[in-house]
Amino acid sequence: MPKAKSKSAVKKRFRISKHGKAVCSHPDRGHGHAPFGGDTGRRLRKRMVLNRTWSTLIRKMIEV
């Protein structure tokens, strides 16, 4: 049976942290930030750490 391919879209959007958690950028970071206050903009600038369930799924898609 051939080896399964890893998902290229997942590799572009996520990375795995040192402790095995999936990390990605927040949504709503494209354009149209005028309604956002300063607090929201600073919060969206940071990375989003996914929980254990999603991290396991993302890790399987990246490391196949």
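Scope of the values below: all heavy atoms of this structure, side chains included, with no hydrogens, waters or symmetry mates.
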Got a second to check how far [X]'s [atom1] is from [Y]'s [atom2], nearest 0.5 Å?
X     : Y     : atom1 : atom2 : value
Lys12 : Lys7  : NZ    : NZ    : 13.5 Å
Ile58 : Leu50 : CD1   : CG    : 6.5 Å
Arg45 : His26 : CZ    : NE2   : 11.5 Å
Thr56 : Met61 : OG1   : CE    : 10.5 Å

In the single-linkage hydrophobic clustering (I, L, V, M, F, W, Y; side-chain heavy atoms under 4.5 Å), do Ile16 and Met48 co-cluster?
-> yes
Shared hydrophobic cluster for Leu57 and Val10 (ILVMFWY, side-chain gaps under 4.5 Å) = yes
Spell out, as yes or no, whether a donor-acceptor pair under 3.5 Å connects the side chain of [X] to the backbone of [Y].
X     : Y     : value
Arg59 : Gly20 : yes
Ser55 : Ala22 : yes
Arg13 : Ala9  : yes
Asp39 : Arg42 : no

State, to 0.1 Å, how close Leu44 and Asp28 come at their nearest heavy-atom pair, and which atoms those are.
-> CD1-O, 3.9 Å
Under 6.0 Å from the CZ atom of Arg52, do we count more than 12 heavy atoms belonging to anything else shown?
-> no
Do the non-hydrogen side-chain atoms of Ser25 and Arg47 ever get within less than 4.5 Å of each other?
->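 They are in contact (side-chain heavy atoms under 4.5 Å apart), so the answer is yes.
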